Structure formats: structure tokens, C-alpha cells
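For clarity, every value in this text was computed on a predicted model and none was experimentally measured. Residue numbers start from 1 in every chain, and the chains themselves are labelled A, B, ... in the order their sequence lines are given, proteins ahead of strands.
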Amino acid sequence: MSLRFDPAIEPRWREFWAREGIFRAGRRPGAPRRYILEMFPYPSGDLHMGHGKNYFIGDALTRYWVMRGHDVLHPFGWDAFGLPAENAAIKFKTHPRAWTLRNIEESKSSLDIAGIMYDWSREVTTCEPDYYRWTQELFLLLYERGLAYRAKATVNWDPVDQTVLANEQVDASGRSWRSGALVEKRELSQWFFKITDYAQRLLDDIDKLDAWPEKVRAMQRNWIGRSEGAEVEFDVAGRDERITVFTTRPDTLFGATFLVLAPEHPLVAQLVTDANRAAVDAYVAQARRRSEIDRQSTEREKTGVALGASCVNPVNGREIPIWIADYVLMGYGTGAIMAVPAHDERDFAFARTFGIDVVPVIAPRGGSIDAASMTEAFTEEGVMQASGRFDGQDNREAGRAIVAWLAESGRARPKVTFRLRDWLVSRQRYWGAPIPMLHRADGTIVAVPRDQLPVLLPAIDDYLPKGRSPLASSETFVNAQDPVTGEPVQRDTDTMDTFVDSSWYFLRYADAQNQQALWSKDAIARWMPVDQYIGGVEHAILHLLYSRFVTKVLFDAGLVPEDEPFRALFTQGMVQRRVLTPLEVAPDGRLIAPEELVKAIGVSAEPLARDEMARALRERSYALVDRDGAPAAQSGPVTMSKSAGNGVPMGPFVREHGSDVARITILFAAPPENNMEWSDEGVGGAERFLNRVVALFGGDREAVSALRAEVGSDGLDAILLESSGLDDASAALRRRLHATIKKVTLDTEHFGFNTALAALMELLNEASRQRAAAGSATRLFCATAWTFARLLAPFAPHLAEELHAWFGGRGSIYDAGWPAWDEAALTADTIEIVLQVNGKLRDKLVVPRDVAEDDVKARALASAKVQESMGGKPLRKVIVVPGKLVNLVV
RNA sequence: GCCGGAGUGGCGAAAUGGCAGACGCGCCGGACUCAAAAUCCGGUUCGGGCAACCGAGUGCGGGUUCAAGUCCCGCCUCCGGCACCA
């Protein structure tokens, strides 16, 4: 039996790397630095291959750059605050901290078993005081810069459990996940970060992020949602009030036939007439209940109520009614709009429902428009009409002119509005960083002085929020002293959103042990920005936007050297796996679907004949398969997760097959940005590949080792440059070897792991052919073995290190340097020229590399097949691509 | 509706405007074996032919070019984001 890849070699190398500190940052102080980072996870316990993909990618890059001689920072940490810990604490009656730390230990040991190497001396854990002390520092810094403020905000309130709920705990029909009660809206004072101050910069700088996926850049632009327009003021008829509206279409002002306020607009109560009050109050109450619940539905009928009041259109003095309607949102613009039914679909629908005038003021170029015959709003560009002195103008120009004209009397101004809202950071939750603020009896607020940080989370018994944060139940926590006056004050009892914790952790890695400051200037200058950030696309908006915001704030404060945190971003695809559900076999041979399957996909619970069952499953995108001789239902590929129950756990797999097999399986199957399906066949392929590597190169390890002892590793590299006296198989191998070095190098730098591995497989095939032809391990073969081991090192690190040792290498392969290719060695002495007639392949020609162009042309014309397909037609043109092809046009 | 991305064998996928389908999976055939597994060798886009070979072929319809999976125009489908955002 030939040599095979043995997973038992792996633990030794993990221990070796850790002991030698091969992957510790700062190991090569003079070398170029490189910061490679995977998004830190919520510690969920044991890891499966779905988690593993992210880390295998980061580990491959880290190993590659270490081999290239860089000083690489590759740290890890834990996003350890958050709801699951509280829920688990309630369920299992443990402390959230104990539960979290246990999970961290489990996750860490999974990473360790997989041989993924981090600089653990820089580990951060967001729930530990030595980390959240600095999260609180960050809060103070934002507060001092006027970027943290308190305001009323609407929260989800569960009237049965008497608790505040996070948005994700409210289902689509507006019910609490726990009690099932209809969630109410409550106004609470909350802390906000003023991210909107940075909206324009966050938008502009997306242009700088040219190494980010276009998809993510687009999502961020979308989310920020800049829109240019104007604010216009309308006088309320017969009152000393004004309503300010935001519009992107000031050109349509003459066509405004009513105004709409959001139901929550502060002027509603003042402006409503007695006659309309009952209807308006009812509508407002209904809107409050409905808001958020089914606001999604664009298709919904327009609803609304007139206030009875009216206002004056500033451009033409026309008196128009004021309505309220829930299609106008208080949170955007000014919470009030001017409605121009002729040129806005929503206003059109509203006007038609309530019989309000439609006044068209823009006509299509070279056409006309008529209110009576309109069936939909005209939203295109066109020519102004019914707009006084602006008639006949281009509507875009007129829009600018109208704003300028109204601006003279202070009734309008250009205005940019963003969809982005300020970041609500307070949570009425236990398991988070306490907000370091104090409330005085007079209602004013004072910050906790820095020398009193951290504000520690108190130990409490009951984590369930009771309408206020659980922290409010701890008197020793709540009662504090005013740092200025010494008077009693009350601590803020809210904790921070976990996105605050994760908005700056990548900075802390630069100097994670620093007890005096966030970090030292030298450390942050050495390591920022992150060269390569790797993570799931699910964080494309919030985490990445918050991190960019915080980095910019810290940049403005002079604390970081760059205002963008992540130079390059890579978003990897998911690992998926089919789910198998065994089917029961009835005594009569018919098949019965188990309860879970009946529930999940609605297949019949009744016994079905085999072909009936197959059909029923197929209709639901399932397949009927035999597994270990028993019938089972097989789903399509589903993202690996605990809840789907299809995760392949890291530990057991690595022990049985090896981390290297897991890595090859995942990295070879598909480009890393794509989803990949984890399958037994894929594992088998990876295993076969590594077995062949071991069998071929491991089989000759004495020969390689002996040659190395004779010529040294530099001598082995020098053999790659020897080109004379090679037989055909050796010349082919040498050429392939140089081509492979080049391809693996370039592909690895651009996440082309699948093609890099394909190239290694081709090299293995070529080496195998050469070994068979030569009948012994030639010098070239031995040099190939040594080079192959190094090229394999980013992807199958344990085996690479083992090969290195087998071949007589000392120390680690990661200090052995990355192989170099010789461009001149890429082309053969003879090359194959493709002959085309009218662009169609007709023949091939083998010619010496340096053959003259005319010569090639002559030989091409001499080809019998070419002559035949030319069919005696006259030659019109000849295209010669040197070294590649000849195209004869007839 | 707006924005972004993608459509290539049975499957995952390759391809600086220059031989479409590398590499792998699966499948077929062969070797080894009493047999099987493992391993090794060969074949495998589709249609026709014993074969050499011939024809077609990268979502659809046009175009540019000596030459298009690749560039341009117009569509279709799928995936993702945003969406009553004024």
C-alpha cells in the first residue's frame, strides 16, 4: 500500500507553530507590515465548517504573506456581548459571563484543532472590563465632540412581559416572540450617535474603497441615501404658523394642490379643526399602531384624513388643503410634503382617492398634457407650463430658478437630505457595556470621569428587562456621586448596542494590552489600516458603516492615522450542505415522512408508495435517495447552521480527516466569494489529492533529503534554472513548474484559491509523468518536490510542514521563503501555432519558438487541411499573432 | 420601481479579444484482485460516424472585429440590497 496523508501528523505542527511563535506579529520588525483580519465572531461554541471557511481563507493569506517575508498581524477576538448570553442565562440559570466564556473556550479550541494561527497575545473579548473600559472611553469621546446625544425615540414594548424588545424579537405581524402579545410603541429617552454629521463623508469616501466589492459599495450608498432638493415654507392660512416641506422637485411647485403631514407631525394637534378632530385623532391612533407593522406594503391603498386647515402655496398664492397620511414618514425630511399629484405617483393615487385637483405643470417635450385624461402621474422631464413666468423653460432649470426666487424672501433654500438616521446606541439590556453617564436630580447629565472607568456591570439576579434596563434593579449600581458637586446622582442604566463594541475592535488589536490608552501612537501607525478584511456580506451595511464612522471620528480626534479602516474587503460565500431526513418504511413497503418533514415542507403524513413519495418530494425540491440502504429525503443545499442541523463539526472532522483536507475541500470547490456545497465527494477529492502528494513526493523523501544535504536549499532552487540536457518530460515539468509558481502566486493574492489548487494538481500530474518516464527521482524532480511543498503551504499547512521536515528542512517552512519563477522558463523551445481559416480552427502547426513570421505564414499556407478549407478561394488577408495563431481570411 | 451582481457540460467551475470547457466531482471502459474496496490507466459538451473527421455550441436578438464567453446596443431569467424616502 502506498503512502497516504495521515491526519495524525497535524497536532505536532500546531504545537510547533505556537511554540515557535511563527505567526506572532512583530516577529520581523524591519519587514513590510501586513494586517489581515477576519470579522470576529459572536462566540457560539463549537465551530463547524460553515464558520471554518472564513478562517481558512484568512489563514491561507496569512501563511502566504508570512512566507513572502512580511510582518503579518493576524489577530482574533470575540464579539462577546449580546442577547443570546442573556437568553441562555435565563434558560440555563447561569451567569451570562460564565456562559460566554465557556463558549469562547469551545470556539477557541475548534480554531486550535483546525490549526488556524492567530497572534493570541492580542486577543480581545468585548465583554471583559479591560475591553469595555475603552468602549466607554469611545462613548465619552463622542460625547465630548458633540456626537453623542440623548433624545426621545420609539421602542417596541411588550405589554405582557413588561419589557422592551429588540426589533428582531418582533415578528412580521407585530407580535412578541416570547409572549405573543401585540407590541406597542413607547417613547423613551435614548442615546444616539450623530452619524448623520458624517453622512456626506461616508458617502464620498466610498469612492476611495476601490478594493471593496462593488455590491457592498452600492449597498452603502443606498443606505446613506443622499437626495438633493429644497426646503420650501408654506404659510398656514389664517394663522401665524409655517410648515416646512422637503422636495426634490421644486420645479413642480405650481402644481402642488395639497400638503400632507405625517400623522406624528407636531403641528397636527394645533392645526386640526374641531369638526375634523375626531377623525384625525382616530387616524393618528391607528397609524401609531400600524407603523412598522405593514408599512412595507407599497401596494396598500392610500389612506388619510383632512385637517380642515389649509395653507398658501408661496409661488401662486393658491390656498390648498392640509391632510395627514401615513405614507408620509416623520423620520424623513421634515415629516411634511407638498403633494403634486400630476407629477408624483403616490400623490396621484392619493388625489384620485380623495378627489383632489390634479394640475399638470410639466408637459412632455413636443407634446401636451391634460389633467382630465391622465391615468398616471407624469414623472419624466419636460417643459414648464401653468407656472407663470417659468412657462416654456426646461423643468430642471426652472426648478433651480424657482428655489432661487423663493430664497430671496427666505421661503426656500437648497437642501440635501439623507435617508441615513442617527445611530440609536442605548439598549435596555443587561449584557452590554454600561453607558458611562450620570443623571442629576435636575435632569442634567454629567459624564463619568475617565479615571473612574470602567463602569463595571454589576452582578444581578434577574436579567429580564422590566420596562427599564435590568441594571436599574441594582441600587448599588444606580446610586453614585456627582463628580463635580458630590451630590447623589443616578447612573444611566442602559447598555450600548453591541455594534459599538465591534465598531473599533480592529483598532485595539494594534495594541491590545495597553492599560493606559486605547493604543500607542506608534502601534496604531504601524498597523493601520487593515490591509485585508474578510467576512460575510451580512455585515455589508451596519458593522462596516459604523466602523467607518468611528474611524473617521477617531481620525478627526487625531487618534488614528487614516480615516478609512479597511483598505480591502472580501466577502466570502456560505458553506452549504444537503440535509438528509430518514424516511420510515411501513410493513407494506410504503414510505412514511417523519413529523419534522411534514411540518417543514408540507409533504403528506400518510404512507406513500415509493414513486409517489419520490414525486411528492421532487415537487418540493427534495430528492428521494438511499442512504446506507435506507430511504431518505434529501434537500437541496442549505447554509450550514446549528438550526438546520447540517453543520459538519470542526473537531470530529479534523480528527478523522485532517484540517488540511477540510481546507482543500473548501478552497478548491468554488471561488471563495461563491457559496460552496460541502459534500462527501468533495472531501474524497481533497483526500485523494493529498494522498497523491504524499505518495509521489513522500515516496522519494530520502532522495530529496540527500540532494538537499548535498547542494543546500539554495542549490535546489538553482536546479530550477538549469535548462540544458533535459528530456521532453523533464522540459515539460520544468516549464510547468515555473508556470505554476507564477499562477499560484498571482492567484493567491487575488483570492483565486480554487485555480491555484487546480494549478498545483496539474503540476502534480506533470511531476508524476516525469517521475514515471525517468524511472527515478531526478535532480529536477527533487527540486520540484521542494518547491511544491512551499506552494502548498498556504492551503495544506500541516502537510507542507511535514514535507519540509521529510526533505531535511530545518525550522519552519514559513521561514523558507516563497519560490520565484523565471519568466524565460515559461515558453517551450517549440510552440504550437493554431491555424484558422476565416476564424475557424483548421489545423495546428508545431514550430520552433523563434521562427520568423513569414516562415509561419508559408507553413500555414502549405498545410493540406488549410488548403482544403480555403477551397481555392483567393487569400484576402493574413493575421499573424506571434507565438499563437495564424488566421487566413479568404 | 431604483441600484448592484450573475447566466458556460450531468455537477462545482476554467478561459490578458486569439484552440471554449483547464482542474475536480460524477459516470463509462480497462488494469490489479478469487472477489470487492482502495489505487492506477484511458474516455467523457451535444448531434452524426467504427474511425479519421464533420456540424452545432457559452440565456435570447442584433452589432463591432480577421477573430467575441470576453467589447457595444436591445431584451429575458435568476440572486442580493433599497423601497410610500417626497
Practice task
Mind checking salt bridge (Lys or Arg N to Asp or Glu O under 4.0 Å) for A/Asp344 and listing every partner two or more places apart, or none if nothing turns up?
Solution key: A/Arg346
Problem - Contact list for residues 688-699 of chain A, test side chain to side chain donor-acceptor pair (under 3.5 Å), sequence neighbours left out - result: A/Arg692-A/Asn765
Problem - Length of the line joining A/Asn691:CG and B/rA37:P, which is rounded to integer Å - result: 18 Å
Exercise for the section: Send over the distance from A/Leu569 CG to B/rG4 P, rounded to a whole Å. Expected result: 18 Å
Practice task
Could you list the residues that satisfy salt bridge (Lys or Arg N to Asp or Glu O under 4.0 Å) with A/Arg400, not counting sequence neighbours?
Solution key: none
Fill in the blank from the handout: A/Leu542 CG to B/rG81 C1', in whole Å, measures 12 Å
Problem - From B/rC84, B/rA86, B/rC66, nucleotide with atom closest to A/Lys877 side chain - result: B/rC66
Problem - Pair A/Trp323 and A/Phe350, ring centroids less than 6.0 Å apart - result: yes
Exercise for the section: Give one of base, sugar-phosphate or nothing for A/Thr417, where a contact means two heavy atoms less than 4.0 Å apart. Expected result: nothing
Handout entry: Side chain A/Tyr283, main chain A/Asp326, donor-acceptor under 3.5 Å
Key = yes
Completion exercise
Separation of B/rG80 atom P from A/Leu544 atom CG, nearest Å, is 19 Å
Completion exercise
When A/Ser768 and A/Glu681 are each assigned the nearest nucleotide of RNA chain B, the 5'-most assignment goes to A/Glu681
Exercise for the section: Could you tell me whether B/rG59 is syn or anti, where syn means a glycosidic angle within 90 degrees of zero? Expected result: anti
Exercise for the section: Starting from C1' on B/rC82, measure out to CZ on A/Arg421 and report it in whole angstrom. Expected result: 13 Å
Handout entry: Sugar-phosphate only, base, or nothing, as touched by A/Arg226 at under 4.0 Å among non-hydrogen atoms
Key = nothing
Handout entry: Between B/rC27 and B/rA38 - P atom distance, rounded Å
Key = 10 Å
Fill in the blank from the handout: Given Watson-Crick and G-U pairs under 3.5 Å, RNA chain B in dot-bracket ([ ] crossing, | other strand) is (((((((..(((.....[....)))((((((.......))))))((((....))))..(((((..]....))))))))))))....
Handout entry: Rounded interatomic separation in angstrom, taking CZ from A/Arg249 and P from B/rA86
Key = 11 Å
N/O contacts under 3.5 Å, protein versus nucleotides 44-49 of chain B?
none

Practice task
Please examine the side chains of A/Leu760 and A/Phe689, heavy atoms only from C-beta on, and report whether any two atoms are closer than 4.5 Å.
Solution key: yes
Handout entry: Partners passing side-chain hydrogen bond (donor to acceptor under 3.5 Å, both in side chains) against A/Trp821 (at least two apart in sequence or in another chain)
Key = A/Glu823
Problem - Contacts of type salt bridge (Lys or Arg N to Asp or Glu O under 4.0 Å), residue A/Asp747, not counting sequence neighbours - result: A/Lys743
Practice task
Would you mind listing every ring pair (Phe, Tyr, Trp, His ring centres under 6.0 Å) that reaches into residues 735-766 of chain A, with sequence neighbours excluded?
Solution key: A/Phe570-A/Phe751, A/Phe751-A/Phe753
Practice task
Rounded to whole angstrom, note down the P distance from B/rC3 over to B/rA13.
Solution key: 28 Å
Handout entry: Output field: ring centroids A/Phe781/A/Phe697 closer than 6.0 Å
Key = yes
Problem - Nearest-angstrom distance, C1' atom, B/rC79 to B/rC71 - result: 25 Å
Exercise for the section: Using the C1' atom on both, measure B/rG10 against B/rU64 and round to a whole Å. Expected result: 36 Å
Problem - Near-strand residues of residues 209-222 of chain A, defined as heavy-atom separation under 4.0 angstrom from RNA chain B - result: A/Glu214, A/Lys215, A/Ala218, A/Met219, A/Asn222
Exercise for the section: Report yes if the side chains of A/Thr665 and A/Phe56 come closer than 4.5 Å at any heavy-atom pair, otherwise no. Expected result: no
Handout entry: Nearest listed nucleotide, side chain of A/Thr247, among B/rA38, B/rA86, B/rC84
Key = B/rA86
Handout entry: Pairwise P distance for B/rG12 and B/rG26, with rounding to whole Å
Key = 15 Å
Handout entry: Whether over 12 other heavy atoms sit under 6.0 Å from A/Glu214 CD
Key = yes
Exercise for the section: In whole angstrom, give me the gap between the P atoms of B/rG63 and B/rG69. Expected result: 15 Å
Practice task
Determine the interatomic distance between P on B/rG59 and the same-named atom on B/rA52; round to the nearest Å.
Solution key: 29 Å
Handout entry: Among A/Arg735, A/Arg736, A/Arg771, salt bridge (charged side-chain N to carboxylate O under 4.0 Å, His left out) partner for A/Glu766
Key = A/Arg736
Completion exercise
Between NE2 of A/His539 and C1' of B/rG81 the distance, given in whole Å, is 16 Å
Exercise for the section: Using a 4.0 Å cut-off on protein heavy atoms (strictly under), produce a 5'-to-3' string for nucleotides 11-24 of chain B with B for base contact, S for backbone-only sugar-phosphate contact, and - for none. Expected result: -BSS-B-BB--BBS
Problem - Separation of the C1' atoms in B/rG21 and B/rA31, to the nearest angstrom - result: 29 Å
Practice task
Output all residues satisfying side chain to side chain contact (heavy atoms under 4.5 Å, CB included) with A/Val834, sequence neighbours left out; order by chain, then residue number.
Solution key: A/Gln836, A/Leu841, A/Leu885
Practice task
Mind calculating the distance between CD1 (A/Ile324) and P (B/rC84) to the nearest angstrom?
Solution key: 19 Å
Fill in the blank from the handout: Sorted by chain and residue number, the salt bridge (Lys or Arg N to Asp or Glu O under 4.0 Å) partners of A/Glu381 (sequence neighbours excluded) come out as A/Arg396
